[in-house]
Amino acid sequence: MIIVIRPNTSREKVEEVIAEVEKLGYDARPIFGTNQTVVAAIGDERTHHTLESLNVLPQVEQVMRVQKRYKLVSRESHPDNSVVSVDGIEIGGAKFSMMAGPCSVENEEQLLMTAHAVKKAGATILRGGAYKPRTSPYEFQGLGKEGLRLLQVAKDETGLKIITEVLSERDVEHVAQTADILQIGARNSQNFQLLIEAAKSGKPILLKRGLSERIEEWLLAAEYILSYGNPNVLLCERGIRTFETYTRNTLDLVAVAIAKRESHLPVIVDPSQGCGRADLVRILCRGAVAMGADGLLIEVHPNPAEALSDGQQQVDFNSFDQLMQELPPILKAVGREL
Ligand code: PEP
Ligand code: MN
């Protein structure tokens, strides 16, 4: 950290700051300028006590970090892209990953029809919520354990891998029995106890970005998972809340480029929650590929008009097929393939 001392501060007052810096476990190196002094505090900022509290001293003008707050997720600690293996399917390598399926698991017919359709079109991972985080308690909450049972049936029948959301710490164990990837939703993205429990399961985790979460906070949430010994994290950009009303959320594709630059973890884009409009999903998928995403998570429903959740943003089988046909040339242009 760099501590900037106010102009015209006496040497004695600078010494006071140096003493405080040393008390907090850092080496202090003052640099005396003609008008102003700065104190460089040498030590690992991520694990030492924070020096930001020194802002309360009247002679301190500013305390500035020089290190990033995350370590294990950063590209500095792991310069190559991480490849996460989901029971044999690699995410983050040359192959682009397609995860698709309904927002919610509604019944056996709906899930199986969708599973077969997305598999035929080329997806390798089936999504479907058994536990749903709904804004209103009166809306469909998901089938719970019955939904997991149906996901298992779909997995056995198609060989697709399963991604499904875990809403609470107490569900981690049984959700992990069916899920190949645990999805942590936007509303839980900073539920640190849940992140820790999910990390301990050892399963790959897809971590959505929170509704109004900064990129730094998202990466720090991922850092929790890695710091609890689970390196199998997929970051997922799913739109953030802004003032815009033409879309449900604003899909932040810049965050994809930044996350890829800052971190070695694979980045997945969810254009369905990202804009909340079925008519924009395909075009956003193109954008996500061009921005360097490693995969897509897409809501697909046999009859979106009758969906029990998020009908307005789910694409039908036809539209999903078209998407799968138009992606390869765009993938090729950025050196990827399905
Ligand atoms: C979902 O994937 O259906 C979902 C609820 O996602 P999010 O947590 O991004 O809102
Ligand atoms: Mn949804």
Side-chain angles (χ1 to χ4, degrees), residues 97-106 110-111 114 118 123 125-137 139-144 147-148 150-151 161-168 171 175 179-191 194-195 198 204-213 215 217-218 221-222 233-242 247-253 255-256 259 267-278 280-281 284-285 288 293 295-316 320:
S97 306
M98 290 301 289
M99 313 182 193
C103 174
S104 301
V105 177
E106 299 173 5
Q110 170 244 17
L111 186 66
T114 314
V118 300
I125 300 172
L126 176 68
R127 66 150 287 152
Y131 293 96
K132 295 303 300 176
R134 305 308 301 280
T135 301
S136 161
E139 289 165 356
F140 178 59
Q141 305 287 309
L143 299 178
L148 292 172
L150 295 176
L151 285 165
K161 307 295 172 208
I162 302 292
I163 175 167
T164 194
E165 180 162 356
V166 57
L167 273 185
S168 130
D171 296 331
V175 173
D180 298 292
I181 305 174
L182 295 173
Q183 175 175 327
I184 305 272
R187 290 152 191 83
N188 263 323
S189 60
Q190 287 184 300
N191 180 340
L194 174 60
L195 294 178
I205 295 172
L206 178 135
L207 175 65
K208 298 264 194 134
R209 181 175 176 193
L211 301 175
S212 53
E213 196 175 39
I215 296 168
E217 294 168 319
W218 181 33
V233 176
L234 311 170
L235 296 167
C236 179
E237 162 59 36
R238 49 78 70 207
I240 47 171
R241 183 159 291 179
T242 68
T247 50
R248 178 182 182 189
N249 293 296
T250 297
L251 186 68
D252 184 6
L253 287 180
V256 175
V267 179
I268 307 298
V269 168
D270 173 348
S272 309
Q273 330 299 321
C275 72
R277 291 175 49 162
L280 295 180
V281 164
L284 290 177
C285 288
L296 290 162
L297 178 66
I298 300 170
E299 289 188 342
V300 182
H301 194 283
N303 184 0
E306 287 178 10
L308 297 182
S309 61
D310 287 349
Q312 75 291 350
Q313 69 196 31
Q314 304 207 52
V315 295
D316 60 19
F320 187 68

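All heavy atoms count here, side chains included; hydrogens, waters and symmetry mates do not. Indexing begins at 1, ligand by ligand and atom by atom, following the structure's order.
If you number the atoms of ligand 1 from 1 as listed, the ones under 4.0 Å from a heavy atom of R127 come out as 1 (C), 2 (O), 3 (O). Close contacts between ligand 1 and G185 involve ligand atoms 8 (O) [criterion: under 4.0 Å to a heavy atom]. Each of the following atoms of ligand 1 lies closer than 4.0 Å to a heavy atom of K132: 1 (C), 3 (O), 5 (C). Numbered from 1 in the order shown, with element, the atoms of ligand 1 that lie under 4.0 Å from a heavy atom of E299 read 1 (C), 3 (O). Heavy-atom contacts of R187 reach the following atoms of ligand 1: 7 (P), 8 (O), 10 (O) (cutoff under 4.0 Å).
For atom 6 (O) of ligand 1, the nearest non-hydrogen atom of the protein is K208 NZ, 3.0 Å. Residue, atom and distance of the protein heavy atom nearest to atom 8 (O) of ligand 1 are A186 N, 2.7 Å. In terms of protein heavy-atom proximity, atom 9 (O) of ligand 1 is closest to R238 NE, 2.6 Å. For atom 1 (C) of ligand 1, the closest non-hydrogen atom on the protein side is Q273 NE2, 3.3 Å.
Here the side chain of E213 pairs no donor or acceptor atom with the backbone of I215 at under 3.5 angstrom. In terms of modelled atom types and a separation under 3.5 Å, the side chain of E106 and the main chain of L308 share a donor-acceptor contact. A side-chain donor-acceptor contact under 3.5 Å links R127 to the backbone of C103.
Evaluated by nearest non-hydrogen atom to atom 5 (C) of ligand 1, the leading choice among E165, R209, R248 is E165.
A distance of 9.5 Å separates CD in Q141 from OG in S104, rounded to the nearest 0.5 Å.
Taking each heavy atom of Y131 and E165 in turn, the nearest pair found is O-CB, 4.1 Å. Across all their heavy atoms, T250 and E237 have their closest contact at O-OE2, 4.2 Å. The two residues V166 and N188 have their closest heavy-atom pair at O-ND2, 4.3 Å.
The residues D310 and R248 are annotated as salt-bridged, a charged nitrogen and a carboxylate oxygen being separated by less than 4.0 angstrom.
Of all N/O/S atoms in D310, OD2 sits nearest the Mn ion (ligand 2). The Mn ion (ligand 2) sits nearest to atom OE2 when only the N, O or S atoms of E299 are considered.
Screening R241, R238, R209 for a salt bridge (Lys or Arg N to Asp or Glu O under 4.0 Å) with D252, the sole residue that qualifies is R209.
Assignment of C103 to the shell around ligand 1 is supported, since a heavy atom sits closer than 4.0 Å.
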